[in-house]
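Working notes, beginning with the structure itself.
One-based numbering, in listed order, for ligands and for the atoms of each. This one's a predicted model, so the numbers in the text were calculated from it and none came from an experiment.
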Amino acid sequence: MSLLIYAESAEGKFKKVALELASYAKKVADSLGTQVTAITVNTDNVSELAKYGVSKVLKVSNDKLNNFNAKAYADVIKQAAQKESSKIVLLSSTTDSLYLAPIVAVGLEAGFASNVVSLPVSTSPFQVKRNAFSNKAFNITEINTEIKVLCIAKNSYGVFENAVSISEEAFAPALNDADFDIKVESVEKGSGKVTIADADIVVSGGRGLKGPENWGMLEELASVLGAATACSKPVSDLGWRPHSEHVGQTGKPVATNLYIAVGISGAIQHIAGINSSKVKVVINSDADAPFFKVADYGVVGDAFEILPKLTQKLKEFKAQNA
Ligand SMILES: Cc1cc2nc3c(=O)[nH]c(=O)nc-3n(C[C@H](O)[C@H](O)[C@H](O)COP(=O)(O)OP(=O)(O)OC[C@H]3O[C@@H](n4cnc5c(N)ncnc54)[C@H](O)[C@@H]3O)c2cc1C
C-alpha cells in the first residue's frame, strides 16, 4: 500500500509544488509506515524526486500527453493508483491538479478534500485541516472512504530534503481515444519570465498604475526580485495586462512567500485570492485603502515615486551583497 503523488513538471523540470508535495507525502508515508510513489508524465529525468523522499517513480512517456488533458491525465493517475493499491493520492493545488483531482476521486470512488493546509490532523479517523470561505476560516474534514484524494495548498507545508534511494519503472497506462476529443491547436505562454504558479515573490499592479505604459517600473522591480508579475481583475479586463496575470477570487490564486500590491485597493474579491501569501506589502496613495487592513507592511504614497526608489535600493543591496 503506497502513497501516490502526481508530480507536476513543465518543460522537463519538476515544479516547486511537486517537491513540496513529495516532502509532505514522505512525512505522511513515514507516519503510516509506507513509502511514496510518484507518477510523472513525459519527464525524462526524475531522480530529483529521490531527494524529497520519493522511493519509486512510475514514468509515463506518451506524445499524446504532451498537452494537458484533464480526462486523460486523470485516467493515468487513476490507473497508477490502482496498480500501486494506493489508498492516499496527493495532488498539488495548481489549476491543472485542481481540475484533475475530483475526476481522479470519482474514478477511484474516493473521498476528496481540496485546500488541505497541514499534515493530517488524525489518520484514524482520517481528518484533514482545510482552508474555507476564500481562506477566511479553517475546517476539519473527515474522510471515511477507503481511498482518499487530497489537494495540498501551495506553500502550506514547505520543501524539505529527505533523501531516499529511488527506483524507476516505465508505466504505459491504457489511453482512451474518446478522452482526446478536444484538440489543442496552440499554446500561448504568459508574458512574465517567472510564472505566478511557480513564483516565490509576486509583484502585482492595479488600476492605480493608470495605464499599461506604466508597467515598465513594475516589471523592473519584479526582475530585480526574480518575481512574477500579476494584476487586479480590472487591469486585465481593460487589456492592460494579459488575463494570465489576473489574480484573485475569479483569477489565479496566489500563495507566495511575498506579495507586493501596488495601486490595488484591496477589494474582497482580490484579497480572497491572495491572502494565503505569507507576507503582504501594500503600496497605495490612499491611507484608507482596505488593503492596508491585511497588509504586513504598508507604504502610503505615490507608486510613481516609490517604485523607482524601491527598485534602486534593491539593486544597490544586491550589488553590495553579490
Ligand atoms: C464577482 C466578482 C469577482 C471579482 N473577482 C476579482 C478578482 O479575482 N480579482 C480582482 O482583483 N478583482 C476582482 N473583482 C473586482 C474587485 O471588486 C475590484 O473592483 C478590483 O479588485 C479593483 O481593482 P483595483 O484595486 O486595481 O482598482 P481600484 O479599486 O480602482 O483601486 C485602485 C487603487 O489604486 C490606488 N492608487 C491610485 N493612484 C495611485 C498611485 N499613484 N500610487 C499608489 N496607489 C494609487 C487607489 O488609492 C486605489 O486604492 C471582482 C468583482 C466581482 C463583482
Practice task
Return the minimal non-hydrogen interatomic distance between V235 and G206, and the atom names on each side.
Solution key: CG2-C, 3.5 Å

Closer than 4.0 Å to some heavy atom of [X] - which atoms of ligand 1 meet that?
X	result
V247	7 (C), 8 (O), 9 (N), 10 (C), 11 (O)
G251	8 (O)
G206	26 (O)
T250	3 (C), 4 (C), 5 (N), 6 (C), 7 (C), 8 (O)
D302	40 (C), 41 (N), 42 (N)
Q249	7 (C), 8 (O)

What is the nearest protein non-hydrogen atom to [atom], stated with its residue, atom name and distance?
atom	value
atom 12 (N) of ligand 1	K233 CB, 3.3 Å
atom 23 (O) of ligand 1	P234 CG, 3.2 Å
atom 53 (C) of ligand 1	Q269 NE2, 3.9 Å
atom 24 (P) of ligand 1	S232 OG, 3.6 Å
atom 30 (O) of ligand 1	R207 NE, 2.9 Å
atom 11 (O) of ligand 1	H270 ND1, 2.7 Å
atom 49 (O) of ligand 1	N284 ND2, 2.9 Å
atom 18 (C) of ligand 1	A267 CB, 3.5 Å

Could an N or O of ligand 1 be found under 3.5 Å from any N or O of [X], whether backbone or side chain?
X	result
A303	yes
F304	no
G263	yes

Handout entry: Under-4.0 Å heavy-atom contact with ligand 1, by part of L209 that carries it
Key =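 Neither; nothing of L209 gets under 4.0 Å from ligand 1.
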
Exercise for the section: Pick one of side chain, backbone, both or neither for how S265 approaches ligand 1, counting any non-hydrogen atom pair under 4.0 Å. Expected result: both

Can you confirm whether [X] sits close enough to [Y] that some side-chain heavy atom of one is under 4.5 Å from a side-chain heavy atom of the other?
X	Y	answer
R241	T229	yes
T34	I88	no
L307	E220	no

Handout entry: K64/D177 salt bridge by N-O under 4.0 Å criterion
Key = yes

Handout entry: Cationic N near anionic O, under 4.0 Å, D75 to K71
Key = no

Handout entry: Any protein heavy atom nearer than 4.0 Å to atom 16 (C) of ligand 1
Key =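 It does: a protein heavy atom is found less than 4.0 Å away from atom 16 (C) of ligand 1.
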
Practice task
Measure the acute angle between the ring planes of Y157 and Y24, then classify it against the limits of 30° and 60° as parallel, tilted or perpendicular.
Solution key: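 Plane angle over 60°, so perpendicular.
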
Exercise for the section: Could you check whether the rings of Y6 and Y73 sit parallel, tilted or perpendicular, using 30° and 60° as the cut-offs? Expected result: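 The rings of Y6 and Y73 stand perpendicular, inter-plane angle above 60°.
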
Exercise for the section: Report the residue from E84, Q35, E168 that forms a side chain to side chain donor-acceptor pair (under 3.5 Å) with K56. Expected result: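 Going through the options one by one, the only one that passes is E84.
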
Problem - From the candidates G208, S285, A261, the one that places a heavy atom nearest atom 44 (N) of ligand 1 - result: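 Minimum heavy-atom distance to atom 44 (N) of ligand 1 goes to S285.
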
